[in-house]
Amino acid sequence: LLSELEVSSEQLKRDRHKEAQEAEQLKNILAATEERSNEEAQEARRLRQSLALGKAAEAEALRRLEALKQALHTAEARSEEQAKRRAHAEAALKECKELCKRQLKHQNAVFTEELQARDSAVEEQAAAKKDEISKRLASLRSQRDRLTDLRRKVTSTPTNGTASAAPASEG
């Protein structure tokens, strides 16, 4: 019985040793599992953070895209407004040019008419002066002719009984 007890005790010691080894293996497996679990949890946290950052970056990119769309819309509206203003300014400029041409044409006509009237007045004055000068000249010639005739008469009439032989000078 004692020997059976010793064998049983030895068997029990071996079983306990084996169970201790298995327990140690299980502890190691549990520790490795916990370490992997912690690493996976950390990786999951990093992925969640990356996902959150990605979503934030996506939201920022969408916000910027919307801002760019708005800026483009505003620029297009300004461009259209500027095109309208430019067209209006060009039309006003064309109208102004036409008005200036008409006014210049009218002023040229008035100026030409005034010049013609002045020319006519000057010509009339010149003709009147010419007539006046011609009449004056005719009057002076007539006076000269009378004076010449008088000199001839005076020089041809004998004084003190002798006739003057010198002809009268004209002029």
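We use all heavy atoms of the structure for the numbers below, so side chains are in, but hydrogens, waters and symmetry mates are not.
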Taking atom CD of Glu35 and atom CG of Asn28, what is their separation to the nearest 0.5 Å? 11.0 Å
If I take atom OG from residue Ser37 and atom CD from residue Gln42, how far apart are they, to the nearest 0.5 angstrom? 10.5 Å
Ignoring hydrogens and angles, tell me if any N or O in the side chain of Ser120 forms a donor-acceptor pair with the backbone of Gln116 under 3.5 Å. yes
For Gln21 and Gln25, run side chain to side chain contact (heavy atoms under 4.5 Å, CB included): C-alpha distance rounded to whole Å, both residues' side-chain angles, the deciding distance at 0.1 Å, then the answer. CA-CA 6 Å; Gln21 283 179 342; Gln25 284 177 346; 5.5 Å; no
Between Arg85 and Glu81, does any NZ, NE, NH1 or NH2 come within less than 4.0 Å of an OD or OE carboxylate oxygen? yes
Consider side-chain contact (heavy atoms from CB on, under 4.5 Å). Of Thr148, Leu140, Leu147, which one does Arg144 pass it with? Thr148
Could you check whether any side-chain heavy atom of Arg16 comes within less than 4.5 Å of a side-chain heavy atom of Lys13, counting everything from C-beta outward? no
Should the heavy atoms of other residues, nucleotides or ligands under 6.0 Å from CD of Glu98 be counted, would the total exceed 12? yes
Close side-chain approach of Lys84 to His88, heavy-atom, < 4.5 Å: no
Under 3.5 Å, side chain of Ser79 to main-chain N/O of Ala75, donor-acceptor pair present? no
I want to check something: taking the side chain as every heavy atom from C-beta on, are Leu62 and Glu66 in contact at a cut-off of under 4.5 Å? no
Salt-bridge criterion met for Arg152 and Asp149 (N-O under 4.0 Å): yes
Quick check for you: to the nearest 0.5 Å, what is the distance between Lys55 atom NZ and Ser50 atom OG? 12.5 Å
Could you walk me through whether Lys97 and Lys94 satisfy the side chain to side chain contact (heavy atoms under 4.5 Å, CB included) test, starting with their C-alpha distance in whole Å, then the side-chain angles of each, then the deciding distance to 0.1 Å, before giving a yes or no? CA-CA 5 Å; Lys97 283 181 179 179; Lys94 185 176 179 181; 5.7 Å; no
Ion pair check, Glu43 and Arg46, cut-off under 4.0 Å: yes
Beyond-backbone contact of Arg102 with His106, side-chain heavy atoms, under 4.5 angstrom: no
Would you give the length of the straight line joining atom SG of Cys100 to atom CD of Glu95, rounded to the nearest 0.5 angstrom? 10.5 Å
So does Glu60 pair up with Arg63, basic N to acidic O under 4.0 Å? yes
With a 3.5 Å distance limit and no angle check, can you tell me whether Thr33 reaches the backbone of Ile29 through a side-chain donor-acceptor pair? yes
Within the 4.5 Å heavy-atom criterion, are Arg14 and Glu10 side-chain neighbours or not? yes
Enter the distance from Lys18:NZ to Asp15:CG here, rounded to the nearest 0.5 Å. 7.0 Å
Heavy atoms from other residues, nucleotides or ligands near CZ of Arg78 exceed 12 (cutoff 6.0 Å): no
To the nearest 0.5 Å, atom CG of Leu47 lies from atom CZ of Arg45 at 11.5 Å
